[in-house]
Amino acid sequence: MGLVARSLARGTANAFDRRFKAAGAVRRQASHVFPKHHSFFWGEFALYSFAVLVLSGVYLALFFVPDTTEVVYRGPFEPAQGLYMSRAYESVLALSFEVRAGLFVRQLHHWAALVFVAAMILHMARNYFTGAFRRPRELTWLGGVALLALGIFEGYLGYSMLDDLLSGLGVRIFSGLLLSVPLVGTWLHWLVFGGEFFGDIWISRFFVAHVFLVPGLLIALIGMHVGLVWFQKHTQFPGPGAREDTVVGERAMPGFASNTVANGVCVLAVLGLMAGIFQINPVFLWGPYVPSQVSTYIQPDFYAGFLIGGLRLWPRWEIHLGAYTVPAPFWVGLVLPLVMFALLAAYPFLERFSTGDRAAHQVLQRPRDNPTRTGIGAMGLVFWGILFLSGATDVLAASFDVPFELLVWAGRIGLLVLPPLAYVVVRRICVGLQRADRDVLERGVRTGVLQARPDGVYVEVRRPPGGADRQGRPIPLEYGGARVDHRPATSPEPVGEEPR
Amino acid sequence: MSGPREPTGPELERMSRGALVDLGHELDSVRIVAQEPPRRPGDVRGERRARRRVTLLLVLSLLCAAAFAWAYLFWPTGYVPPGAPGHTANLLYTPLLGVTFFGAVGALGAAMILYVRSFYPDEVAVQHLEKGPSAERDRFTAGATLAEAGEHTGFGRRTMIRRLGLTGLGAVGILGGLVAIGGLVRNPWRQRGDAPLWTTGWKPVGDEPVFLRIATGDPKDITKVRPEDLEPDGMITVVPFRESERDDPEKVHDAEMAPDNPVMLVRLPPGTPVANPPGREDLHHGDYYAFSKICTHLGCPASLYDSQQQIFLCPCHQSEFKITEGARPIFGPAARRLPQLPITVDADGFLVARGDFPDPVGPSFWEIRRGQH
Amino acid sequence: MTRRLRHGLLVLAALVALGGAYALLVPAPQTAGAQPGQAQIDQGRALYERACISCHGANLQGAPGRGPGLVGVGDAAVYFQVSTGRMPLARAEDRGYRKVPAPEFDPDTDQGRANLAALGAYIEATGGGPEVPAETGPELIGSDVAHGGELYRLNCASCHQFTGRGGILGAGRYPPRLDVATPEQMYTAMLSGPMAMPVFGDKQLTPEEKKDIIAYVLSVRGRNQAPGGFTLGELGPTTEGLVAFVVGLVALIGVAAWIGARS
């Protein structure tokens, strides 16, 4: 740094500090210790994808026309020339074919949306399986659950308002779900659509929700979420020095800050690559929405896949209460997702209630060290996964030559049978892994080397990490929650193992 | 604070940077327990290799950025139809942008990661946390301050005013909600018996016959269906048409775009055994059956016509409807039959609707049974 | 395989037996517009009796449990079924999906076309039904691609998907993908309504409309309208979601692992 630059920087810093008295805070934040683990960068994928979403979304909004008015297409795209379409869809065609890099930015936005939600799921799974949601971080967890729900809703709104045939069917399904609400369904539908499906106001309403309301909420929640993570300090895995009243890692400046910026740049790079080489949601091939038209392979974006899966699996159980009807889709289209998200949100409190663990936790648990939680998580993931796969019964049926009716029944039965099975199996695996860890610590790492004892018995040579005492017996070590190395390393005294 | 003794200004001036950093860490309860250089001291080759790699990545990034700018500015864009010259080049535009973008940004990111790994010291810092709630002192003083503030408001004593005030606040909130929601509320049943959920475009107006017109998307292409237009095993999507609208393309188009209107007209092969359910014995015309195309589950067009098994399949959630049993749902989530349009043939031999659907069209809702005749 | 080979040899033998003069009698046998000569019908009968009769019966009346009757199916059905290799079945339990056509009925060879026309002429003469159009190849490709697309989404996409990537039917049957279907095959399929497909007579979809639909399918299939990179099968959000996880997330997890790895 040159002399001028240095004195300029010093002058600015001084001026700033005279006004805001920020030196103490700056020093505290710069030497804020952040634990080092690669999985602690996963949540940032979602954060940076969201940044890409906001920036690309602002650009797209300069071209998108949220208008249901019908026009006849006169643009360059041959397979649509002369067709009736909404101005919304027309503006998307124009963006895709007549704006330099318009298609690239549109695809960037859509891929960022998919990665945003996918990264949230990944991040949430990491937090769940390591117990990061425990006291004092319940609010962070609740914020995350709300972010996931809002993110899914935001994505749905975004691809719906393009008014192509694929998303139009999704809007039709949304309309049907609104109608299915008992008592107030028809009123709710009229409130949202301003009349019968599809009306002439829904695109601008979806647009307002997609670009103002939901993003505003998302930004507020992300701010809260990240702020909580920072000021409550990040959790850490068990390891040397990691205690409930310490944070072990590297300081924010320069290590952590440089890494997180690099991570953000890489997220942008990966999204840009996907935007360029993988065609996503080619609405120009789907055609404009017409109520009498439909295609095979009707799916929502993956994050709504569990909803359509539920809709495909749920039997036709219409409930009649006198002259009134509770339509079947209500239970699975609205109640089921609400229950799933409610359980997700309530999990930290349910776990605290059932285990009685009210302590504050700074140190994470390895999934194997809490088999019940890990089992329940596996149960939830399998439940979600079956719903998700059932949302693609048609693609699966055609790809693997299985009648789709069979897949529907497999999904129905699987949804009841497989989650408990997953619980039992995963729990068993966790207990087994625990035993293997303790076996290494107490009796030593298996070396695979056989040794003949003087009395002719062959024993396997073990290397106890704690060494051996004078009689050659391994000195057992206490399991501390950290990863145990199962590879035969150069630990002290090998010890012969009695055959069992 | 039980921190170190506050040093004086001149003392601070005299302290070295290292000492100042240590002091700061002491104030922030941070200890650096290990700090290792990224490589052995004197490892000149390692240093040089790392520097070369980072430089290469940065150069690559700049080259890709230049390529991106070049492609962005000069590569031919705009739509080119298949077969026309420049079609392939056109298809490559977006992938080219993606690859060069990835090169520019990805190489930059990789350079950053590599730089940190090659040149930053590898440190392990431990920060001590103050667990639990705030200090007793803060908690007691905060509580007392707030209690005193509450006392000063006097709301505790003036219960009447407090209640009225809170009620007023609540009223303002409710008013806000009312204004926010109230304007959006519409009455779905304003037209009573003619409410949109009970009627479709097939509902006759006066005595004017409602013809079955083949849906084509082109409002100038008006083909009214005669029975002989359909082959056995044939299926065609039809929408309502009135002669008075023939010269009004907008109305013709609207009839095609109305979500309740699409109807699948099927001609079963002669001799197909049919079991019409009660109430639907006479809605068909010979082998001609007209069913709403709108699925009773969630409203997708249930239009996958399987002419071998005489089944309609909805591609959205895979409900199956048996055509020869009055479009009874036989598989999947749909609970109601597809509504059937009563049809006949007029004096000129055209198929016409004999009235609106007897059943409500589309997904089920709370009040639906009131509309079933 | 050997059976197909045997068939091929038999056809060759039959042709030799009929004599080279036959070719002179029927200059353009593949155009159904030409009056079918008796010789062509006879040749068709010979083909029928060898390749089809065991399932479809001596007088096209069908054989219970083996094959449907063919009265009234027309040569359009013959052309579609045989030129796409669906018929004759390789094995009795086949479900009649597209396969490489028997060499004797390969529409890419003169001889195959002649045989297809002869077989069609025999079926047409005996049972009647929808006829193969007189036009071929480019003549069957309409000019209004966009209108074809509209009609395609109205009538065809519900089984064959937006861009002809196929779909599903009940009981483990599948509407085929349209990747390799020729204009003639698409046209005759619409006319004859093979298998579970409905019939689209010329009054439901006029010949012009059929040609527009064909033009649309040809224009959108393959990579023709894929300006955004790899199409991911054009299966919609299913494969896109897969890529988001398998490419996007995995790449990012790799990045994070690199950042977080101990040096």
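In the text below, chain A, chain B and the rest are named by the order of the sequence lines, each starting its count at 1. Values below: every heavy atom of this structure, side chains too, minus hydrogens, waters and symmetry copies.
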Chain A shares the most heavy-atom pairs under 4.5 Å, among B:Ala302, B:Pro219, B:Ala215, with B:Pro219
So, the part of B:Ala258 with a heavy atom under 4.5 Å from chain A: the answer is backbone
Bottom line for A:Tyr289: the part with an atom under 4.5 Å from chain B's heavy atoms is backbone
Applying a strict 4.5 Å limit to non-hydrogen atoms, the region of B:Trp189 in contact with chain A is side chain
Applying a strict 4.5 Å limit to non-hydrogen atoms, the region of B:Asn261 in contact with chain A is neither
inquiry  = Angle between ring planes, A:Phe97 versus A:Phe77, binned at 30° and 60°: parallel, tilted or perpendicular?
reply    = parallel
Whatever's closer than 4.5 Å to a heavy atom in chain B on A:Ala101 counts as both
The interface call for A:Val408 against chain B, heavy-atom contacts under 4.5 Å, is side chain
With chain A, the option among B:Pro329, B:Cys295, B:Cys316 that has the most non-hydrogen atom pairs under 4.5 Å is B:Cys316
Residue from A:Arg251, A:Lys36, A:Arg28 scoring the most non-hydrogen pairs under 4.5 Å with chain B is A:Arg251
- Query: Around B:Tyr120, counting heavy atoms of other residues, nucleotides and ligands shown, do more than 12 lie under 6.0 Å from its OH?
  - Reply: yes
The interface call for A:Glu196 against chain B, heavy-atom contacts under 4.5 Å, is side chain
Cut-off 4.5 Å, heavy atoms of chain A, and the answer for B:Val116 is side chain
Under 4.5 Å to a heavy atom of chain B? For A:His189 that would be neither
Residues passing the side chain to side chain contact (heavy atoms under 4.5 Å, CB included) test with A:Ile308, sequence neighbours excluded, are A:Pro300, A:Arg312, B:His317
Turns out that what part of A:Trp409 lies under 4.5 Å from chain B's heavy atoms comes down to side chain
The interface call for A:Leu177 against chain B, heavy-atom contacts under 4.5 Å, is both
ask   = Does one side chain, of A:Asp200 or A:Thr68, offer a donor that lies under 3.5 Å from an acceptor on the other?
value = no
Turns out that what part of A:Val332 lies under 4.5 Å from chain B's heavy atoms comes down to neither
The interface call for B:Thr94 against chain A, heavy-atom contacts under 4.5 Å, is both
Would B:Gln127 and B:His25 count as having a side-chain donor-acceptor pair, cut-off 3.5 Å? no
Okay, B:Phe101 and chain A: the region with an atom under 4.5 Å from a heavy atom over there is side chain
Turns out that what part of B:Tyr115 lies under 4.5 Å from chain A's heavy atoms comes down to neither
With chain B, the option among A:Glu250, A:Arg172, A:Gln279, A:Met274 that has the most non-hydrogen atom pairs under 4.5 Å is A:Arg172
When the 4.5 angstrom heavy-atom criterion is applied to A:Trp187 and chain B, the contacting part is both
Step through the shown structure and confirm whether more than 12 heavy atoms of other residues, nucleotides or ligands are within 6.0 Å of CZ on A:Arg412.
yes
Can B:His297 and B:Arg336 be counted as having a side-chain donor-acceptor contact under 3.5 angstrom? no
*asked:* Under 3.5 Å, is there a donor on one side chain and an acceptor on the other for A:Ser292 and B:Glu256?
replied: no
The interface call for B:Glu130 against chain A, heavy-atom contacts under 4.5 Å, is neither
**Prompt:** What class does the angle between the rings of A:Phe256 and A:Phe34 fall in, given that below 30° is parallel, 30 to 60° is tilted and above 60° is perpendicular?
**Reply:** parallel
So, the part of A:Ser295 with a heavy atom under 4.5 Å from chain B: the answer is backbone
Cut-off 4.5 Å, heavy atoms of chain B, and the answer for A:Phe198 is both
So, the part of B:Val30 with a heavy atom under 4.5 Å from chain A: the answer is side chain
**Study point:** Side-chain donor-acceptor contact under 3.5 Å, A:Gln362 with A:Thr246
**Key:** no
Most contact-rich option vs chain B, by heavy-atom pairs under 4.5 angstrom, among A:Leu179, A:Ile298, A:Val247, is A:Val247
| message | Before we go on, tell me: are the rings of A:Phe104 and A:Trp111 under 6.0 Å apart, centre to centre? | response | no
If one checks every heavy atom of B:Ile32 against chain A at 4.5 Å, the contacting part turns out to be side chain
Of the listed B:Gly103, B:Ala125, B:Cys300, B:Ala111, the one with the largest count of heavy-atom pairs under 4.5 Å with chain A is B:Ala125
With chain A, the option among B:Ala107, B:Pro301, B:Pro188 that has the most non-hydrogen atom pairs under 4.5 Å is B:Pro188
